[in-house]
Amino acid sequence: MSASVSVLLPPLAAGQVGDSALLERLPLMARDLLTAGLSEPWRWLANSLITIGAVIVIFASLFALLTLVERKVLGRVQNRPGPNRTGWGGILQPLADGIKMLTKEDIVPRSADRLLHFLAPVTLLALSVITFAVIPYGRHLVPVELDAAVLYFFAAGAATELAIFMAGWSSHNKYSLLAAMRALAQLISYELPLLLAFVPVIMLAGSLSTTAIVAAQGGWLWNFIPQWHVLTPPGFAGFVIFMVAALAESNRSPFDLPEAESELIAGHLTEYSGFKYALFFMAEYFGMCALSGMAVTLFLGGWQAPLPVLEFVPSYLWFAAKLLLVLLGFIWIRATFPRLRIDQLTRLAWKFLVPLALINLGTAAFWSLTHDWAGPMQLVRWGGVSLAPSSDVRRPRPGHQRGIAPRTYRYA
Amino acid sequence: MTMSDATRPAINAQTSAPLSGPTDADRDELRRHGILLTSIQELANWGRSNSVWPLQFGLACCAIEMIAASMARFDIARFGSEVFRPSPRQADLLIVSGTVTKKMAPQVIRLWNQMPEPKYCIAMGACAISGGPFKQGYNVLKGIDRFIPVDVYIPGCPPRPEALLNGLIELQKNIRGRHIAGPAPVEADSPTAPGEYPVPAFGERDLEPTSNPKLWQPPVIVRPDKP
Amino acid sequence: MLGSGLIQGLAVTAKNFVKSFHDPARLVTVEYPEQKTKLPENYRNFPFLVYDGDQAIDGLRCVACKICEAECPPQCIYIIPDRDEKGRPTKKPKVFDLDISVCMSCQICVEVCPFDAIKMDQHFEIATAERFNALLLHREDLAKSDAYFHTLHPTEAAQVDAVLAEAKRRTEAKARPAAPAAVPATPTAPAAPAAKPPEPPPPAV
Amino acid sequence: METLAQIHERLAARFPAATLTLVPNPAPPAQASLLLDAAHAREIAVFLRDDPALRLDYCSNVTGVDWPEKEIVETTRSVQIDPAGGPPRTIEQKTKRLQPGCLEVVYHLYSMALKHGPVIIRLRTGNRSDQITLPSLTPVWRSCEFQEREIFDLFGIVFTDHPDLRRLLMWDEFTAHPMRKDYVEPDDYEWEPTPHDDVLAKAKAHYPAPAAKAE
Amino acid sequence: MGPHHPSTHGVFRMMVTLDGETVVKLKPVFGYLHRNHEKIGENTTYLASMPYTDRLDYFCSMTNNWAYALAVEQLAGLPVPERAEYLRVILAELTRLLNHTCLAGFLLQDTGASGTPLMYAFREREKILDLFESLSGSRMMCNYQRFGGCRIDATPEWLAAARQLVNGYNAFLDEYEELITGNEILMARTQNVGVLSPALAVNAGITGPMLRASGVDYDLRKVDGYGYYPRFEFRIPLGDHGDTYDRYMVRMLEMRESIGILRQALDRIPEGPVMDPKAKIRGFKPKPGEHYGRIEGPKGEIGFYLISDGTANPYRYRVRPPSLINLTILEDLCLGHTLADAVIILGSIDIVLGEVDR
């Protein structure tokens, strides 16, 4: 199957994009220039360290930027300007927050498990950072090329539950414990739809390697419609499921149950102060960035430009733009929705998203098997894949039977 | 009114710690010449003053004005302070917004103890400062500064949200003038739990003790007899 | 359809986000230290004492009758009437203290004052780090000129002026036939439509 | 709706053993009330709630009132006709008597079903020290639950058969009943820049020496 | 939970026993804001209690003022001029708008909508507060009603501003409902949560929108017909399920009715004095007697019970707080639901701790 898909796509060569090749290679050339004087094993080590450093620095500044953007966007949505007095128009706000966090007293509760209490943020951060390794940021910019990159990504991402549970358990606080329980229930529930959601992509691309998946999304139909997976019916359904599950996996509203402010104070973070809290915060944003990056890679064509004429823009910029767009979506959703309850949350996962993802799996198989249908058969193909997921959307769900509907009211 | 100033102890000693560095005027002068004078202390103070996260803690009427100050019309976010943290572990600023009753006072002190240094306290409104209109009540604490140190007092009943913002600006100024090592250690009453303020117990008629004598020594009032 | 409510909500927030850049009704923030909302004329925040003429202390309208001290709900006013050398009351306050850490700006002192001597201020930027000295206002801090009162509450000030002028005319009319007696004026609080004769100061509570 | 006098009559006929007194109210709206005796209060309350003509299903307000012992000076006037045929003389006699103190609970009842009311009933304790037990009406009207707890807290009336009689507003260790008229506030001295006489007296009690020195 | 908790609306404490996340026992603890209002009221004059009533339920100072003024006026038999009665109706309905708007915002904040509905609610609240401020001089603590009328007359400009606000309010409500009422998450969170049966509601003395959400038609504006309410046309929305969603929706619908009342009142308000000329500011001493006066506040029946012994201070001063009595059934509503539900049930009861504890 992978062969049949790759035949459809134009072969990719580095020299094909012409002038932009230099720009494309610019980060790599800079790195090579720095390490040019070193002998081979050292050079490899230096190259890797530079890559790791660059990824961490870039995402750390993205994290800083993101906190600011989130506060600004939330502000704008709520008819107010947001932070604008620290630095020029508020640009230094994250810096101020960072300095304050760094210089804040670090409190470990007397009854807490000191070791776990310390390890939890470190583990979470480490696990979030290593997921960055396999995301292709540009045409030539993949920190680690793995054959099973997608698998690696989700394995590392799934382990973050452990860290959250550690935090909740070690704090020895009733709210934290409840949060830990919620986190486990929630993250395990959403691991499944998350995994099932991208299986269609793997079926379409025929590979577990992220580079190959991005490469499979290159090219344009009739020279202007990009062949991204999100624009195919199973890919679109997969994208929606993936994004819902990603919201839940990264503990974002409306699934921010583990740290639900109005119920559990700050959930598993209740007992964390100062820099450890900042680490948690950072790790959560890293997790969100990684999942968004993966969404971009799997569904939104990775670093591919949306139109042929726009190819002169370096691919990593396209990736950054798409990443920011997805992150903005996260913020937008946070600004709008109330939170679900834990039972509704798990019900949504098991009774709606998982069946939908399974149906989508079948649809994807049908879709990729029928890629050569043409003429009127094309209509049948589109009809088939569009109807299948909607059968799940329309299916009556026992949990929702008790009349969740708009109501009319009478007057005395 | 005659008041014997000699008997008045230094209350809030930590708020008047002078900055032993260059003055604002010096700095402005240097800045004009293109030199950005800074130090670790200033950087830290700058960061702290621009990122004061209040504890999401409302007591009474003033809490509504506190919420209003964080809402669109007044937008405390402009000062970087809209991050109302519900957990005291992550908060920098305790806004005592409203009447502290004797039943509530131990809880407020506990919250204050749970906050990490450096921490600041704003007494917002008449009730938090002195018991205010309700000070004649048997269950009303006559000022939160009997138990915890207060950095800025905002009178008013309730103060307008602008007045709260004004208080926050005052606090920011205050923070910029501090030493990095934190406030002068006037607190630290118990050697076993440094930095913790004793929490009063509920007595049969009143809180026991009724104030923290290390922190609070009211001046003596001497009035001439009424004619 | 499932999700239509969610999409509607997203549309509303998006609309607000976009409009906040060009529609002033969607960006309602008053950037406080730089911009200030215009306070309405009736706004009240802590009382002050009105004086006539140039002398802040001598020109105080307050006659130390202690009505406001008695009526003040939170008991935040403290007055000692002044006496001259012979021990006779001079109808001036020797001490007029107002504790704004207790005051709740209820305006009852203004309503009960028969002499229009105490009025409400509009100054609210008084955050301070000093509880005792900064929040206890003495008569020197409280005394503000009649012109200041006119700028704050022009309508109320005009009414007060009319009432005072009327009272003056009446006392003069009375004083001409009779011996000049220290009859207090018969003004009224502007809120109360009926003119009431002033009551004798109640005994100190 | 029936007048209170009619209700009184019906109740008296229905509960002959109960002592019922009509308490007049001189205020213009004249919300008179019915004083019940504690022994029959629960029965009467159930009757008032369930009687089809009254249906007082809603107990709005429950209040405690403290009536301390009071010395009442009563002036009785009697007109004496002079036997000698002179003009009649009025003789004033002053009698002093000690009105015993009591604690009182006032219930304001309304009917939501029939939309009428109020019917006010009162209960009185025997005195203010040891006979302070009254039957709880919470089993009849749930809305009394917190209000009776509050009265227990602030006035010290003990309600029998109350499901959860604990202090409502003050802390559990508190012993006094602050809404009683003879309650004395704890002397927690507060520095008050504008001290009124009682405050000043308190302040002097706390700082006798400097106060004397300054004078 | 509590007394310091983000969603207890102040300093309220619930002793919650959980089985997993299900509430099996819930005991509310009060008194953290017990400010001795009644004791202070008995030690001061009738007039001096008026500013304290502002601080009872600090969202609804105007209705608190009115309830107290009404009780005293009935106790002393004072007349109120026509214009003052109209102003009172206008201000009471504005207060109802204010309270319900804020409640909707806080309720949604409790369900976790990160601030946006609350911000929109407070945006509108500021407009109403501007009106209050320009009339009475203070944003929240209006201290506006007096025995026998109102303190200051409203200018024509004020009435015009009020008219403008009322005309624009429906648009706000539309936007708000578009934002959130149709939201499936909100419906899932609130429908069938915390169901209150009409029988229990009546027996427990629940009043206000909460009672009407359970389907009991009892609104003092119709029943007592106090003020000039019989002169206005309005309807009472009733809920059929008595759950949290109904409590929210009944308030939204009540706001639309309030807008109708406001339109009528602003059109018909007559000229005239706002204060009864015989009313006394100082030295007010009603004759001995007692009276219980009540009005329909935004949260429910707020009443004042006064015993006068002929002196300047009331002998007994008692507030009937709707919030406290509405809390009676909190445990009944929460049992069997999760902790997250308990939070929004508490939110939908609409309490203000200043009034619960007084």
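Per chain, numbering begins at 1; letters A, B, ... match sequence-line order.
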More than 12 heavy atoms from other groups under 6.0 Å of NZ on E:K285: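 It does not: E:K285 NZ has 12 such atoms or fewer within range.
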Heavy atoms of other groups near C:D54 CG, more than 12 under 6.0 Å: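 It does not: C:D54 CG has 12 such atoms or fewer within range.
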Pairs of heavy atoms under 4.5 Å with chain C: top-ranked of E:L135, E:T44, E:T181, E:I40: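 Ranked by heavy-atom pairs under 4.5 Å with chain C, first place is E:L135.
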Reported CG-to-OH distance for the pair C:N42 and E:Y144, which is rounded to 0.5 angstrom: 9.0 Å
C:T37, part contacting chain E, at a heavy-atom distance under 4.5 Å: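 For C:T37, no heavy atom lies under 4.5 Å from chain E.
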Contact origin within C:E41 toward chain E - heavy atom pairs under 4.5 Å: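 Neither part.
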Side chain to side chain, [X] and [Y], heavy atoms closer than 4.5 Å:
{"X": "E:R123", "Y": "C:N16", "value": "yes"}
{"X": "C:C106", "Y": "E:N143", "value": "yes"}
{"X": "C:P40", "Y": "E:F132", "value": "no"}
{"X": "E:I180", "Y": "C:V12", "value": "no"}

Closest contact, heavy atoms only, E:S136 versus C:R44: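 Smallest interatomic distance, heavy atoms only, reads O-NE, 3.1 Å.
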Winner by heavy-atom pair count (cut-off under 4.5 Å) against chain E, out of C:M120, C:M104, C:Q8: C:M104
Below 4.5 Å from any heavy atom of chain C, which atoms of [X] appear? Answer side chain, backbone, both or neither.
{"X": "E:T45", "answer": "side chain"}
{"X": "E:T116", "answer": "side chain"}
{"X": "E:Y176", "answer": "neither"}
{"X": "E:L47", "answer": "both"}
{"X": "E:R139", "answer": "neither"}

Pairing of E:R146 and C:E111 as salt bridge, 4.0 angstrom limit: yes
